[in-house]
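One structure below.
Ligands are counted one by one from 1 in listed order, and the atoms in each one are counted from 1 as well.
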Amino acid sequence: MASKTAKTEQLRATMVEPTTKDRITADFGTRQSNTDDWLRVSTDDRIGPSLLEDAFGREKIHRFDHERIPERVVHARGAGAFGTFRLLESAEDVTHAGVLTDTSRETPVFLRFSTVLGSRGSADTVRDVRGFALKMYTDEGNWDIVGNNIPVFFIQDAMKFPDLIHAGKPEPDNEIPQAQSAHNNFWDFAYSHSEATHMFMWAMSDRGIPRSFRMMQGFGVNTFTLINAKGEQHFVKFHFTPELGVHSLVWDEALKIAGQDPDFHRKDLHTAIESGAYPKWKFGIQVIPESKQDDFEFDILDATKVWPEELVPIRYIGELELNRNVDEYFTETEQVAFCTSHVVPGIGFSDDPLLQGRNFSYFDTQISRLGINWQELPINKPVCPVMNFNRDGGMRHTIAKGKINYWPNRFEVQPAATEKEGGYVEHPAQVKGIKTRGKSHKFKEHFNQAQLFYNSMSEIEKSHIKAALSFELDHCDDPIVYERMSKRLADIDLDLAKSVSTMVGGPSPPPSSRPNHGKKTKGLSQLEFMPAQATIATRKVAILIADGYDPIAFAAIVAALKMAQAIPVVLGPRRSAIYAANEDRASGKGVVPDHHFEGQRSTLFDAIFLPGGKESVATLVKMGRVTHYIREAFGHLKTIAATGEAVDLIKNAIQLDGVQLSQDSDVMESYGVVTLRDAKPGSLREVIHVGKSAKHFL
Ligand code: HDE
């Protein structure tokens, strides 16, 4: 059985790491004596022409000229990491796949997160769907689950995909806007495809602006099948639920971070793994036996529909952990290539018309991105043996020895495996119907689940959806687009439609012929996905100080945060030593902040803390940037805490109407603001406690 480090060991064989003992060579191995000056005809007085004969110069430039490969046509921007999949409970009642039945296995994996619409250099925090593409290097071959953080899709038929993506990507005449759905073409498409209604509601919800890749769900979206040892087939949907809960940014924060730190999500993932705070997800399956496939009011093969959990509960059977960053971005994260069609025995495909098209598309796109031998690239290679008579093609690496490159052959070399030997045998499904471009009638219903989703949101989440739609349609300047969309929203909910149309200048929508059915279901509001154990671990807390700060409160909060595995980040007016009250400034010690106030903005932290200290607070109160820090963090619903003199600083900065923050020495918490006039030992626990709540919704 392959071990959980099998993939890492396999990759290690292809790695090189330069040392000081090495000398630069050309790709053909010869050591170079000069890598800076092209060979030329030259004298001390006059420089002459460069010589084409310089093979070293030519090679260096050739290699550079050809460094770029086509970026992915969608999901171009991504970040990935290695990890382990552990099965906690066997699913042998529904599948005979080793990876889902053998609880002693630890399967190595690679997971790539991505945005969909932006190009490779776009920002992480744009409003978009996020990719969640998992490659499991199982003993029986690679199993790819190429999923998203949203459980449904915009379209029902793969043939619509080019139109969807053309409409969502920058418009063709001027290539504007980058990494946004907020433009005429996208919403024109959304209107003309009512099947997109459910998914655009998800994309407009907080799911479209996740706080971290580590705090997102993953969904296989399409309906796959599982086949057990008795040959019985079940339909299945795959779920990954993050241990840290599902959290989002607020929109203003997301917009600002896109400029302030476009790498926000990939840094967050990288830092968490480097620090040993390995992100984890529970792995679950929703299963429907073949005999029950027609029992639902929606078609279970329609990727624009969820399987409501009341009807089909999720059975959690495994755990996914990410625990190793890549060694090199290009060869691993960029060259990793997924295929929905890559499954292992015991797992199969349904007739989901989106999935069927995807099964064609992924292999095909890798050919233009990486070449026909893309599966030989180290990151894509299975950990189990690969032996067949596929041969040659551009950039073939494997050297296949022997005379035989065909089957059958007189030596009986490499016959196909029997089922017992682990051969993949397609489920003998009965197929009937007539050749047509139509779909079954249930595919025609497009609004029930959009309503179900909206109704299942909390009031806060609903208000965020209204704001998001108002933002997006405000960016559409063609009246036909925002007017028609205003009308379309009434097919979901009249109140939603009215408030958005008022904001964007659409007509007041008439009641729809299909009023909101009022039904809700569980598992859709992300507020249901708070972690079982609230934690502040891996959250970044900014500590704002100036000369004369209170060293006791400072040291106490740093220690308390570290104990709780949070990340304290010290900020000051300058990135050179800051001295505590009564500290001997001539001693040259002090605390050197990690950043100055201009270097890192409040948006990049989950909470802020201001220790007291008369002189420090007197300096900070005069700094507009600090007042802005506090107000912005408050506006973004973050925990803000202060001790001693800094209590008045935050109170004045926030100026809460009608909210009484404490005037005395008690610990006080309100709206996520913690004030501790006297920082007593132990009272800082309150800060940690409040900090565990990611956002404080008013
Ligand atoms: Fe993809 N999709 N897709 N997609 N998709 C690609 O494959 C495609 C769809 C998803 O990190 C491409 O290797 C079609 C659904 C992810 O490398 C391409 C259809 C879901 C990634 C492609 C869909 C996804 C891709 C581009 C409609 C969620 C990034 C580069 C039938 C379940 C994988 C590539 C990575 C990438 C085609 C719909 C998720 C062109 C035709 C539904 C996470 O092959």
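When only interatomic distances are considered, the shortest N/O to N/O separation between Arg72 and ligand 1 falls below 3.5 Å. Distances between N or O atoms of Thr365 and those of ligand 1 include no value under 3.5 Å. Residue Asn148 has no N or O atom closer than 3.5 Å to an N or O atom of ligand 1. Geometrically, ligand 1 and Arg369 share no nitrogen or oxygen pair separated by less than 3.5 Å. Residue contacts with ligand 1: Arg112 is placed with a nitrogen or oxygen under 3.5 Å of a nitrogen or oxygen of the ligand (distance criterion only).
A distance of 6.0 Å separates CZ in Phe189 from CG in Asp163, rounded to the nearest 0.5 Å.
Between Phe154 and His193, a ring centre-to-centre spacing not shorter than 6.0 Å is recorded.
At a 4.0 Å cut-off, at least one heavy atom of Gly147 sits close enough to ligand 1 to count as contact. Within the structure, ligand 1 has Gly220 among the residues with a heavy atom less than 4.0 angstrom away. Using a non-hydrogen distance threshold of 4.0 Å, Phe132 registers as a contact of ligand 1.
Under the 3.5 Å distance criterion, with hydrogens and angles disregarded, no donor-acceptor pair is assigned to the side chains of Thr331 and Gln335. Of the N and O atoms on the side chains of Thr398 and Glu376, at least one donor lies less than 3.5 Å from an acceptor on the other residue.
When Val221, Asn359, Asp299, Asn222 are each tested for a side chain to side chain contact (heavy atoms under 4.5 Å, CB included) with Asp352, only one passes: Asn222.
In the vicinity of Phe338, heavy-atom distances shorter than 4.0 Å reach the ligand 1 atoms 11 (O), 17 (O), 33 (C), 35 (C). Those atoms of ligand 1 that come under 4.0 Å of a heavy atom in Ala133, given as number and element, are 11 (O), 33 (C). Residue Leu354 approaches ligand 1 through these ligand atoms, each under 4.0 Å from one of its heavy atoms: 27 (C), 31 (C), 42 (C). Counting the atoms of ligand 1 from 1 in the order shown, those under 4.0 Å from a heavy atom of Ala158 are 31 (C). Numbered from 1 in the order shown, with element, the atoms of ligand 1 that lie under 4.0 Å from a heavy atom of Val73 read 26 (C), 40 (C).
The distance from atom 1 (Fe) of ligand 1 to the nearest N/O/S atom of Ser361 is not under 2.8 Å.
At a threshold of 4.5 Å between non-hydrogen side-chain atoms, the residues His247 and Met530 count as touching.
Under the 6.0 Å distance and 45° angle rule, Lys305 does not count as a cation-pi partner of Phe298.
Every residue two or more places apart in sequence or in another chain that forms a salt bridge (Lys or Arg N to Asp or Glu O under 4.0 Å) with Glu106 is listed here: Lys4, Arg86.
Ring planes of Phe283 and Phe240: tilted class, angle from 30 to 60°.
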